[in-house]
Amino acid sequence: MTDEQARVLARGTNVAVTQLGGRAFPGIHVQGDTFSALRQQFADAADRLRPAASDREAVEDLDYAVEEMTDILRYYESVLAAHDIRLPYFRAGADGQGPR
């Protein structure tokens, strides 16, 4: 862990716009539980669309977005675990062990 500072440009209820040192553009900070819920909504939508979708490319794009969000969420979870911080949400998934 390093001690770094980020400029908080704006702060909302579950989101903030932050500027890390050395980065050209600000980032979006989303609370972990909010991000987890968004990822689950995308995954559920993909599951519902897959059987009847006439636009396979759209479903593949949605699946790709879910995969990217899952990778980010797994990274978030590993950082919290490394620092003995409990997750702010229940980990749901096919195996009960994490995001699908």
Side-chain angles (χ1 to χ4, degrees):
M1 178 169 62
T2 62
D3 255 346
E4 294 184 50
Q5 292 188 4
R7 291 179 51 217
V8 178
L9 304 176
R11 185 179 189 151
T13 304
N14 289 322
V15 66
V17 178
T18 58
Q19 178 81 44
L20 294 175
R23 298 297 303 208
F25 298 101
I28 299 170
H29 172 99
V30 178
Q31 289 298 117
D33 55 335
T34 301
F35 189 84
S36 175
L38 287 170
R39 193 211 64 84
Q40 189 62 51
Q41 289 172 332
F42 273 87
D44 290 347
D47 288 345
R48 287 192 310 272
L49 290 172
R50 192 169 289 105
S54 60
D55 186 349
R56 299 304 309 162
E57 189 175 335
V59 174
E60 289 172 6
D61 288 347
L62 191 53
D63 284 338
Y64 180 76
V66 170
E67 287 175 26
E68 289 292 308
M69 294 173 83
T70 299
D71 290 345
I72 293 168
L73 199 56
R74 284 185 178 143
Y75 177 73
Y76 171 79
E77 291 175 353
S78 71
V79 169
L80 266 60
H83 293 279
D84 293 322
I85 300 171
R86 72 173 182 81
L87 295 176
Y89 53 86
F90 175 74
R91 283 175 39 172
D95 60 2
Q97 296 300 308
R100 354 181 235 150

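- Arg50 has its side chain out of reach of Glu60: every pair of non-hydrogen atoms, C-beta onward, lies at least 4.5 Å apart.
- Both Ile85 and Phe35 are part of a single hydrophobic cluster, where members link through side-chain heavy atoms under 4.5 Å apart.
- Under the 4.5 Å side-chain criterion, counting only non-hydrogen atoms from C-beta, Val15 is not in contact with Thr34.
- Considering all non-hydrogen atoms of both residues, Ala6 and Thr18 come closest at CB-CB, 4.4 Å.
- Atom CD in Gln40 sits 9.0 Å away from atom OG1 in Thr70 (nearest 0.5 Å).
- Closest heavy-atom contact between Gly32 and Pro88: C-CG, 4.5 Å.
- The neighbour count for Arg23 CZ, taken as heavy atoms of other residues, nucleotides or ligands under 6.0 Å away, does not exceed 12.
- For the atom pair CG of Leu49 and CG of Asp44, the computed distance is 11.0 Å after rounding to the nearest 0.5 Å.
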Under the side chain to side chain contact (heavy atoms under 4.5 Å, CB included) rule, what do Val66 and Arg39 come out as? Steps first, then yes or no, please.
CA-CA 6 Å; Val66 170; Arg39 193 211 64 84; 3.7 Å; yes
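- Both Ile28 and Leu38 sit in one connected hydrophobic cluster of ILVMFWY residues. Membership requires side-chain heavy atoms under 4.5 Å apart, directly or through other members.
- Leu9 belongs to a hydrophobic cluster with Val17, counting contacts under 4.5 Å between side-chain heavy atoms of Ile, Leu, Val, Met, Phe, Trp and Tyr, direct or through other members.
- Inter-residue side-chain proximity for Tyr89 and Glu77 is flagged as met; some heavy-atom pair is nearer than 4.5 Å.
- Checked by atom type, the side-chain pair Glu68/Tyr64 shows a donor-acceptor distance below 3.5 Å.
- Between Ile72 and Tyr76, every side-chain heavy-atom pair lies at or beyond the 4.5 Å cut-off.
- For the side chain to side chain contact (heavy atoms under 4.5 Å, CB included) criterion with Tyr75, the lone passing option out of Leu73, Val79, Asp71 is Val79.
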